[in-house]
Structure formats: C-alpha cells, structure tokens
A.B. asks: 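Below is a structure I'd like to ask you about.
Excluded from the calculations below are hydrogen atoms, water molecules and symmetry mates; all remaining heavy atoms, backbone and side chain alike, are included.
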Amino acid sequence: MATPIDLTEMLNRASTGWVHEMGLRFTIANADEVRCEFDAGEHHLQAYGIVHGGVHAGVIETLASVGAAAAALPRDQAVVGLENSTSFIRAVRAGARLHAVGTPITRGRKSQVWEGRIYDEEERLVAIGRVRLLCIPREEGIAGGEAQVPPDRA
C-alpha cells in the first residue's frame with residue numbers, strides 16, 4: 001500500500017499561483033480531508049461588493065484537487081478537474097474570515113468526486129459544491145504539457 005502524503009506545508013510555502021494570490025492558508029491537506037482558511041479582501045469582490053462566486057468555486061475546486069492529488073500521487077497519477085458544481089448560499093463582504101473543508105465522496109482509480117463547503121466565522125454555510133476529477137498517468141500530460149507535480153513528490 002502506498003504511503004499517505006500530506007501536502008499542507010508544500011501548499012503553504014507556495015509563493016506564486018492562484019492559491020497564493022487568493023491568500024489561502026491550509027491547515028490540513030491529505031487524501032481524507034483538506035481544510036483551508038482565508039480573509040475576504042477587496043481582490044475577492046465583484047461589483048456589488050460581495051465575494052465573487054468564482055472565488056467560492058475556485059476554493060472548492062482547489063480543495064478537491066488537492067485531496068484528489070494526495071490520493072493519486074502515490075499511484076503515480078495526476079488529477080484534472082472535469083466538473084465543478086458550486087452553489088452560493090450566503091453573500092459575504094470584505095473583512096470576513098472564511099474557512100473551507102473538502103472531503104471525498106469517492107476516490108476511485110480512474111475518477112474521484114469531492115465535496116467542498118465554505119463557512120463564515122459564525123459557522124454559517126456560505127457555499128457548497130462537488131467536483132469530479134479524472135485520474136491520469138502522470139506521463140500522459142495535460143493540455144499539451146507535462147502534469148506539474150510538487151518537486152518533493154516527483
């Protein structure tokens with residue numbers, strides 16, 4: 001059986017990319033659960049002054065992708081999102097501290113489905129979504145390029 005991996009430290013060290021730009025801080029990142037938190041800022045807002053739905057969808061997809069990767073990497077696989085269905089439940093404004101949790105619904109050899117939930121500081125549900133991911137051999141590549149794998153897992 002493959003050794004389980006924890007991606008928490010690697011993710012929090014990232015100095016570029018979407019996760020860094022959104023200010024996500026991971027507290028747990030493994031194949032069983034992924035948790036992060038972030039402070040809603042001006043860069044998260046849409047024209048009405050509330051956090052953009054794309055931010056919520058992106059956070060949920062990130063949780064699913066990280067968890068699915070933690071399950072797939074020991075099998076020498078990469079994962080790619082195929083579908084994201086996110087519902088926006090409660091509007092939040094800049095200054096809100098949000099936290100999110102992702103958990104697997106199924107972790108198959110060829111596909112995975114994860115659920116993500118985002119909550120405000122009062123534990124009220126802000127957004128909920130499901131993401132379906134495809135597991136592929138790492139050497140297959142994605143979009144004409146090699147699947148990027150964290151350097152310490154290559």
Side-chain angles (χ1 to χ4, degrees), residues 1-41 43-44 51-87 89 92 96-143 145-154:
M1 183 165 146
T3 305
I5 63 171
D6 187 315
L7 300 173
T8 309
E9 287 183 35
M10 187 234 14
L11 290 163
N12 288 330
R13 284 193 315 261
S15 59
T16 61
W18 194 86
V19 168
H20 174 75
E21 294 300 321
M22 292 296 104
L24 303 185
R25 299 175 301 277
F26 288 85
T27 56
I28 297 171
N30 61 54
D32 295 320
E33 182 178 50
V34 181
R35 289 180 177 265
C36 73
E37 58 188 21
F38 65 103
D39 297 316
H43 62 290
H44 293 112
V51 174
H52 194 287
V55 172
H56 298 309
V59 169
I60 288 170
E61 181 147 344
T62 297
L63 296 172
S65 295
V66 166
L73 284 170
R75 300 188 308 237
D76 205 29
Q77 292 178 311
V79 295
V80 61
L82 295 177
E83 184 176 33
N84 180 332
S85 176
T86 299
S87 297
I89 309 300
V92 292
R97 175 157 288 176
L98 303 173
H99 63 279
V101 59
T103 54
I105 294 171
T106 183
R107 290 175 296 196
R109 288 179 298 116
K110 296 186 179 194
S111 70
Q112 297 187 47
V113 177
W114 281 69
E115 180 179 86
R117 293 173 180 248
I118 301 174
Y119 299 94
D120 67 13
E121 55 268 75
E122 296 177 32
E123 296 301 319
R124 296 178 299 190
L125 186 63
V126 172
I128 185 170
R130 283 193 179 176
V131 178
R132 186 170 61 96
L133 305 104
L134 178 66
C135 303
I136 61 172
R138 279 182 35 203
E139 68 272 4
E140 273 189 25
I142 299 169
E146 187 175 325
Q148 297 296 310
V149 177
D152 59 340
R153 301 309 302 169

A.B. asks: More than 12 heavy atoms of other residues, nucleotides or ligands under 6.0 Å from CD of Glu9: yes or no?
C.D. replies: no
A.B. asks: Atom CZ of Arg130 and atom CZ of Arg117: how far apart are they, to the nearest 0.5 Å?
C.D. replies: 9.0 Å
A.B. asks: Show the nearest heavy-atom pair for residues Ala127 and His56, with the distance to one decimal.
C.D. replies: CB-CB, 3.9 Å
A.B. asks: Out of curiosity, Gln77 CD to Leu133 CG, how far, rounded to the nearest 0.5 Å?
C.D. replies: 11.5 Å
A.B. asks: State the CD1-CG distance between Ile136 and Asp76, to the nearest 0.5 angstrom.
C.D. replies: 11.0 Å
A.B. asks: What I'd like to find out is whether the side chain of Trp114 reaches to under 4.5 Å of the side chain of Leu63, using heavy atoms alone.
C.D. replies: no
A.B. asks: State, with a plain yes or no, whether a side-chain heavy atom of Glu121 is found less than 4.5 Å away from one of His99.
C.D. replies: no
A.B. asks: To the nearest 0.5 Å, how far apart are CG in Asp6 and CD1 in Ile28?
C.D. replies: 8.5 Å
A.B. asks: Between Gly129 and Ile60, which heavy-atom pair has the shortest distance, and what is it?
C.D. replies: N-CD1, 3.6 Å
A.B. asks: For residues Tyr119 and Val101, report the shortest heavy-atom separation together with the two atoms involved.
C.D. replies: CE1-CG1, 4.1 Å
A.B. asks: Working to the nearest 0.5 angstrom, can you tell me the gap between Asp120 CG and Leu98 CG?
C.D. replies: 7.0 Å
A.B. asks: For the pair Thr8 (side chain) and Ala29 (backbone), establish whether a donor and an acceptor sit closer than 3.5 Å, ignoring hydrogens and angles.
C.D. replies: yes
A.B. asks: What residue among Ile118, Val55, Val126 forms side-chain contact (heavy atoms from CB on, under 4.5 Å) with Val92?
C.D. replies: Val126
A.B. asks: With a 4.5 Å heavy-atom cut-off, do Arg138 and Leu73 have their side chains touching?
C.D. replies: yes
A.B. asks: Identify the heavy atoms of Arg107 and Arg75 that sit nearest to each other, and give their distance.
C.D. replies: O-NH1, 4.4 Å
A.B. asks: Locate the shortest heavy-atom distance separating Thr86 from Ala57; write the atom from each residue and the value.
C.D. replies: OG1-CA, 3.7 Å
A.B. asks: With rounding to the nearest 0.5 angstrom, report the CG to CZ distance, Leu7 to Arg13.
C.D. replies: 10.0 Å
A.B. asks: Kindly give the heavy-atom pair with the smallest separation between Pro74 and Ala69, and that separation in Å.
C.D. replies: CD-O, 4.3 Å
A.B. asks: Determine whether Gln112 and Cys135 make a side-chain contact, defined as any pair of heavy atoms from C-beta on separated by less than 4.5 Å.
C.D. replies: yes
A.B. asks: Is any side-chain heavy atom of Arg132 closer than 4.5 Å to a side-chain heavy atom of Ile105?
C.D. replies: no
